[in-house]
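Starting from 1, each residue takes its place in the sequence as its number.
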Amino acid sequence: MAETPEYPEETPHSLDKETAAVAPASSDVEAGDGGILVHAAPLARKLKGRHMQMIAIGGAIGAGLFVGSGSALATGGPGSLVIGYIIIGSMLLVTVQALGELAVLFPVNGAFFTYVVRFVDPAFGFAVGWDYALGWLTVLPFELTAAGITIQFWRADINIGVWVSVFLFLLCIIQIFGVRGYGEVEFVLSAIKVAGLVGFIILGVIIDCGGVGPQGYLGAKYWHDPGAFANGFKGFCSVFVVAAFAFGGTELVGLAAAEAENPRKSIPTATKQVFWRISFFYVVSLFILGLIVPYNNPHLLNAVGANSKYSPYVIAIRLAGIKVLPSIFNVVITVSVISVANSCTFGSTRTMQALAERGMGLKQLAYVDKKGRPLYGVVIQLLFGLLAFIGESNKQDIVFNWLLALSGLSFFFIWAAICLAHIRFRHAWKVQGHIKAELPYEAMFGVGGSWYGLILNILCMAATFYVALFPIGGNPSAQAFFSYYLAAPIVIILYLGYKIYCGNWRLWIHAHDMDITSGRRSLELNPEDMPEKKTWRNMPIRVFHALF
């Protein structure tokens, strides 16, 4: 690491008009990042506010919610389902707020990976960074296969490999347009998902009140018979695993900060939208779902992967006797799966590019072309997409289960790392002589929220460990354990491997040694901009501004 390798063709003179127009202005950044070992052209800052808001509201809503919630309902019951999603949702809310504060001040490549490296420990950042990148790499073939399975809702006679080829080709086309292509596609697909969920919530209320279907008025009938909870504490713990997968990708709004046109304005707005996404589209829709679908419905046991025929949302519509609507809602599920596949290419490529820039990966992965695209990372991600053709094999379930096991805990690790990085950053910010008023955006829940998020992430990992060790309806086995917990030993191996390679066994970076300058937006503290004193009288208006 003594010498600094560079790409000679990626000097500032090689930037074309498109990239130069979005490259960070020197006056806007206090200093270059000293941790960058492999210099490349900047990523294109082309994501507008509307893209960021839609990514935050509906970007990662996919099969985890539309299908996976069915298995969570069957194993935990409607009470566990709602409580579990509220707990995970509250954890994500404080996590995204912490990430928003860091992303506005440091809209740098790699976002949370970079924050962990600089504010916690490089080895821990290396471990969670590669675990996160590998997670998205392995989720892509699953999502492509899932998209093909959803199409079989209408045409079971067409080989699934045909649809995998079609969707993989579409992803390749999207990559040609770079981050702008990702943003526009996500804007359209997320709008469809949001509209679908709003429509289902309205329909669910009508069904529950007896406005349609042969069931009559339901009210809270299914919360009493068969009941609100299933499988006791173990069933409650199992909901966390499904909920984590459903919420996975919420953090992408922070990763997109480096490519946002105006991160200081769009990131705070986008992070506030996460509140509505969690409370309305997850909690409210699942609460209504538990009112109109009994958890002992036998079809829910098949609600795994992307088997949209057994989506609890589709089951609810069929129980109400509505004929055409199941097909229409399957369109929403198909769109959501394609959207998550699109997010896979963004999450993995940007993380790998940031890792390579810091010398933590092959230097070729750091390459960014003149249009602001990390080409080698994109190629690797799309090559991983070819694994979707495993769906042609009769062993596809075994292969996909192990591929998904790589990403099973990756979200918990990265969310915990974000909260820890925010806690450590705030400590260094204070120790190095700064005050909170200097922050262009302050997390709504402060450091206390990050502590809450960190502790909850640890508890969720413990709950997952419990379910992995003692699976519902089965006996303890090594295969069942590692299908849930494979990511944990991988993170430990990556962490220890990096420590051995570098020979630095310091557990964390001390506050005085932290780099809180590189890549930071310049601070212009004006006494007139000091926030007003918090009082009970102005609390309603402060709450309003915090949410909107």
Side-chain angles (χ1 to χ4, degrees), residues 58-74 142-171 185-215 218 246 281-282 284-286 288-294 297-342 388 391:
I61 295 176
L65 173 64
F66 289 122
V67 182
S69 58
S71 63
L73 178 61
F142 168 79
E143 295 294 340
L144 288 172
T145 304
I149 292 173
T150 59
I151 296 296
Q152 288 186 332
F153 183 91
W154 301 286
R155 295 294 303 270
D157 57 317
I158 299 179
N159 190 289
I160 195 172
V162 173
W163 301 114
V164 169
S165 301
V166 170
F167 294 131
L168 189 58
F169 176 74
L170 287 176
L171 284 181
V185 169
E186 277 306 295
F187 182 81
V188 174
L189 298 186
S190 294
I192 295 173
K193 289 187 284 185
V194 168
L197 279 171
V198 171
F200 176 82
I201 290 171
I202 296 171
L203 176 64
V205 172
I206 295 172
I207 293 173
D208 190 55
C209 294
V212 65
Q215 303 151 301
L218 291 173
F281 298 126
Y282 283 89
V284 173
S285 71
L286 290 176
I288 292 174
L289 190 68
L291 292 176
I292 59 180
V293 179
N297 186 295
H299 295 303
L300 291 176
L301 298 175
N302 298 314
V304 293
N307 202 342
S308 57
K309 290 181 181 179
Y310 302 104
S311 162
Y313 292 83
V314 173
I315 290 172
I317 297 169
R318 281 180 166 164
L319 288 175
I322 304 173
K323 298 296 183 183
V324 180
L325 207 51
S327 288
I328 296 175
F329 204 84
N330 195 68
V331 173
V332 177
I333 298 175
T334 305
V335 163
S336 70
V337 173
I338 297 171
S339 170
V340 175
N342 188 39

- Could you pull out the closest heavy-atom pair between Val337 and Glu143, with the gap in Å? CG1-O, 3.0 Å
- Item | Atom of Ile160, atom of Gln152 and distance for their closest heavy-atom approach | CB-NE2, 4.0 Å
- Can you name the side chain to side chain contact (heavy atoms under 4.5 Å, CB included) partners of Phe281, sequence neighbours left out? Ile57, Ile61, Val194, Leu197, Val198, Arg277
- Residues Glu186 and Asn342: closest non-hydrogen pair is OE2-ND2, 3.2 Å
- Where do Ala388 and Thr145 come nearest, in terms of heavy atoms and distance? O-OG1, 3.3 Å
- Side chains of Leu300 and Ile315: does their closest heavy-atom pair fall under 4.5 Å? yes
- Message: Ser165: which residues meet the side chain to side chain contact (heavy atoms under 4.5 Å, CB included) condition with it, sequence neighbours left out?
- Response: Phe389
- With a 4.5 Å limit on heavy-atom distance, are the side chains of Leu291 and Ile207 in contact? no
- Task: Please list all pairs passing the salt bridge (Lys or Arg N to Asp or Glu O under 4.0 Å) test where one or both residues lie in residues 315-326, with sequence neighbours left out.
- Result: none
- Message: Measuring from atom CG of Leu65 to atom OG of Ser285, what distance do you get when rounded to the nearest 0.5 angstrom?
- Response: 5.5 Å
- Task: Find out whether Val162 and Ile151 are in side-chain contact, i.e. whether some heavy atom of one side chain is under 4.5 Å from a heavy atom of the other.
- Result: no
- Message: List the residues meeting side chain to side chain contact (heavy atoms under 4.5 Å, CB included) with Ala316, not counting sequence neighbours, and say none if there are none.
- Response: Phe200, Leu289, Ile292, Val293
- Message: Nearest 0.5 angstrom please: Leu319 CG to Gln215 CD, how far?
- Response: 5.5 Å
- Item | Separation between OG of Ser311 and NE2 of His299, rounded to the nearest 0.5 Å | 12.5 Å
Only distances under 3.5 Å count here; give the side-chain donor-acceptor pairs of residues 325-335 to other protein atoms, sequence neighbours excluded, each with its distance to 0.1 Å.
unit_1, atom_1, unit_2, atom_2, d
Ser327, OG, Trp154, NE1, 3.4
Asn330, OD1, Ser308, OG, 2.5
Asn330, ND2, Thr150, O, 2.9
Thr334, OG1, Thr150, OG1, 3.1
Thr334, OG1, Asn330, O, 2.8

- Side-chain contact, heavy-atom cut-off 4.5 Å: Tyr282 with Ser69? no
- Item | Any residue meeting side chain to side chain contact (heavy atoms under 4.5 Å, CB included) with Ile206, in chain and number order, not counting sequence neighbours | Ile202, Val212
- Query: Can you find a pair of side-chain heavy atoms, one from Ile317 and one from Leu203, that are under 4.5 Å apart?
  - Reply: yes
